[in-house]
Number of protein chains: 2
Amino acid sequence: MVSGIPLFRGLQHEQIELIVTSMADQMFDRGQTVLSEGETATGFFVLVSGRVKIFKLSPDGKEQILHLVCAGESFGEVPMFAGGHFPANAETIEKSRVFFFPRAAFLDLIQKDPSLAMNMLAELSRRLRQLTRLVEELSLKEVPGRLAAHILYLSNAGGGADEIELDITKGQLASLLGTIPETLSRILGKMSSQGIIAVQGRKVRLLDRKAIEDLSAGEKFVI
Amino acid sequence: MVSGIPLFRGLQHEQIELIVTSMADQMFDRGQTVLSEGETATGFFVLVSGRVKIFKLSPDGKEQILHLVCAGESFGEVPMFAGGHFPANAETIEKSRVFFFPRAAFLDLIQKDPSLAMNMLAELSRRLRQLTRLVEELSLKEVPGRLAAHILYLSNAGGGADEIELDITKGQLASLLGTIPETLSRILGKMSSQGIIAVQGRKVRLLDRKAIEDLSAGEKFVI
DNA sequence: CGGGTACTTGACAATGGTCAAGTGTGGTGG
DNA sequence: CCACCACACTTGACCATTGTCAAGTACCCG
């Protein structure tokens, strides 16, 4: 199971053995907190099954999702290498199984095995790239553009299919796009009434891919 | 000179020698492009002296600064470990000297020297933490809050001094805060007229630190 | 001294957030 | 099996924040 985790690809069997002895196996119900911003980190996590959201909270309770963790991905590694405390919160949005790896044993291992270090560098780099895109969207695009980009992303992830399924609630999608459910609802409504998409529950059908691409590229959205 | 770069701290002399033979030394005037988004990366950079901005551009030319690189810092490492192309642009904002390290030689070295890998992991982690904060500010704070946070950051960086010096133009500060010069100018004006700060050119005097902290924490800004 | 850039200020428009009041809808317990 | 409750979502009216456009001022550098 551990050897199937992408982060540990290429490791020797004996080192997998070693890592297994130190780790902990945890179960979470939906909506439970895995880690909180500011906490001192004693290790990092790998999501085995389920779904976890990484997010920031404003003082008055607004939430910005930074990342949705999928099975096989790690999270909470940043304080292992810098700072010591978690920069954001993590909470399950489904019943989830999580492996916890204590800091010391892992740091020990990473210094011995270059492939583990390279895997971790690749993972952090992907994360940087993705956060860079999030900043770009928040700062340089309006909500319709962000939504269009997300729809295209889901479509591409599904092999370019014209019908996609939002895998989260619309409230969470709003939080991921840096807006609120009301605004998202309105924009989905407008896009529907213009014949760009058709929405039914969590299913979205792409009716005019060109128009969606234009929106994603910053084209103005006229009512 | 190379051994003074934080990223290379802890390396053996012979490995420093090795790295020096492969690197290139480049000079840039103010306002020159060091790398462009989407370009295929053949290596990464370390800023020796001067100043570099890392930024994203919207299709219609609006700019969002992601990071201001200081002397000694590296940039452009992400595609070394994931993706292959640069996720953003880099341009000098002062006359600058830059060392370029080709990909192959560096990857070779990093796999042999755990301390180099750890330094790089620490650097990427710091970057992630900082980008996370940028997302938080863009999404969860209004412009006065972001400005207040930046002023406090500069003050803390200067040992808690009550008089700080903006080390960039106000136009660039606007781009760093995810807004435009007009808006920044107005907000600086309001904060001045309320006696929270005093602005003179690039000098800002903190007159009411408590009020600035409140703003930074999300307190509403009443005119 | 001149020219370009940085910055400021004003009037205006629009994006998107707030508040409030619905309308489903799925799951649980009676 | 149905009723009800909680929660997700939608819709409307309103308004705050901030961006746009335009014009004018200050300032630095040659």
Side-chain angles (χ1 to χ4, degrees), chain A residues 29-31 53 58-64 93-95 137-148 165-193 197-204 215 218-223, chain B residues 29-31 53 58-64 93-95 137-148 165-193 197-204 215 218-223:
Chain A
D29 282 335
R30 192 187 106 146
K53 66 174 175 188
S58 77
D60 47 303
K62 201 194 158 192
E63 171 188 294
Q64 170 69 49
I93 58 175
E94 291 174 15
K95 193 166 189 287
E137 308 230 313
L138 287 174
S139 170
L140 302 176
K141 286 184 188 172
E142 296 167 355
V143 182
R146 296 178 221 158
L147 173 58
E165 173 113 22
L166 306 177
D167 44 0
I168 47 177
T169 70
K170 286 176 186 168
Q172 284 163 347
L173 177 56
S175 167
L176 186 63
L177 298 178
T179 184
I180 55 174
E182 291 97 318
T183 298
L184 176 61
S185 181
R186 281 181 242 272
I187 290 170
L188 281 171
K190 282 186 197 169
M191 288 174 72
S192 295
S193 69
I197 57 172
V199 184
Q200 219 163 27
R202 287 195 184 177
K203 281 197 169 50
V204 177
L215 274 180
E219 206 73 28
K220 282 283 168 204
F221 187 46
V222 199
I223 306 169
Chain B
D29 282 335
R30 193 186 106 148
K53 67 175 174 187
S58 76
D60 47 303
K62 201 194 159 191
E63 170 188 293
Q64 169 69 49
I93 58 175
E94 289 175 15
K95 193 167 189 287
E137 309 231 310
L138 288 174
S139 169
L140 303 176
K141 286 184 187 170
E142 295 168 355
V143 181
R146 297 178 220 158
L147 173 59
E165 172 113 21
L166 306 177
D167 45 0
I168 47 177
T169 71
K170 286 177 186 166
Q172 284 162 348
L173 177 56
S175 167
L176 185 64
L177 298 178
T179 185
I180 54 173
E182 289 97 317
T183 298
L184 176 61
S185 180
R186 280 181 243 271
I187 290 170
L188 281 170
K190 281 185 196 172
M191 288 173 71
S192 294
S193 69
I197 57 173
V199 183
Q200 220 163 26
R202 286 195 185 179
K203 280 195 169 48
V204 177
L215 274 181
E219 206 73 29
K220 282 282 167 205
F221 187 45
V222 198
I223 305 171

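Keep in mind that what you see is a predicted model, and the values were worked out from it rather than measured. Letters A, B, ... are given to chains in the order of the sequence lines, protein chains preceding strands, and every chain is numbered from 1.
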Whole-Å distance separating the CD atom of A/Q64 from the P atom of C/dG16: 14 Å
B/I187 CD1 - D/dG19 P separation (whole Å): 8 Å
Protein-nucleotide distance (A/L184, atom CG; C/dT18, atom C1'), rounded to Å: 17 Å
Nearest-nucleotide comparison on DNA chain C, the residue closer to the 5′ end among A/R186 and B/T183: B/T183
Rounded distance (Å) that lies between atom P of C/dG16 and atom CG of A/L188: 13 Å
Candidates D/dT17, C/dT8, C/dG16 - which lies nearest the side chain of B/P181: C/dT8
Between P of C/dA6 and CD of B/E63, the distance in whole Å: 11 Å
Selection from C/dT15, D/dG19, D/dT11 that lies nearest to any side-chain heavy atom of A/S185: D/dT11
base_contact_polar (D/dT17 base, B/R146 side chain, donor-acceptor, <3.5 Å): no
Any B/T179 side-chain nitrogen or oxygen under 4.0 Å from OP1 or OP2 of D/dG19: yes
Short side-chain N/O contact to C/dT15 OP1/OP2 from A/K220, under 4.0 Å: no
Nearest-nucleotide comparison on DNA chain C, the residue closer to the 5′ end among A/K141 and A/E182: A/K141
Under 3.5 Å donor-acceptor, A/K170 side chain and A/G201 backbone: yes
Nearest-Å distance for atom pair NZ/C1', residues A/K170 and C/dT25: 13 Å
For atom CG of B/L166 and atom P of C/dC7, their distance in whole Å: 9 Å
A/K203/A/E165 ion pair, N-O < 4.0 Å: yes
Side chain proximity check, A/I197 to A/L188, heavy atoms < 4.5 angstrom: yes
Integer-rounded Å distance: D/dT10 P and A/M191 CE: 14 Å
Nearest-nucleotide pick for A/I180, side chain only, options being D/dC21, C/dC19, C/dG17: C/dG17
Donor-acceptor pair, side chain of A/S139 and main chain of B/G178, under 3.5 angstrom: no
Touch class at under 4.0 angstrom, heavy-atom based, for B/G178 against every strand present: sugar-phosphate
Within 6.0 angstrom of A/R30 CZ, more than 12 heavy atoms from elsewhere: no
Quiz item: A/R202 side-chain donor-acceptor pair to C/dT25 base, under 3.5 Å: no
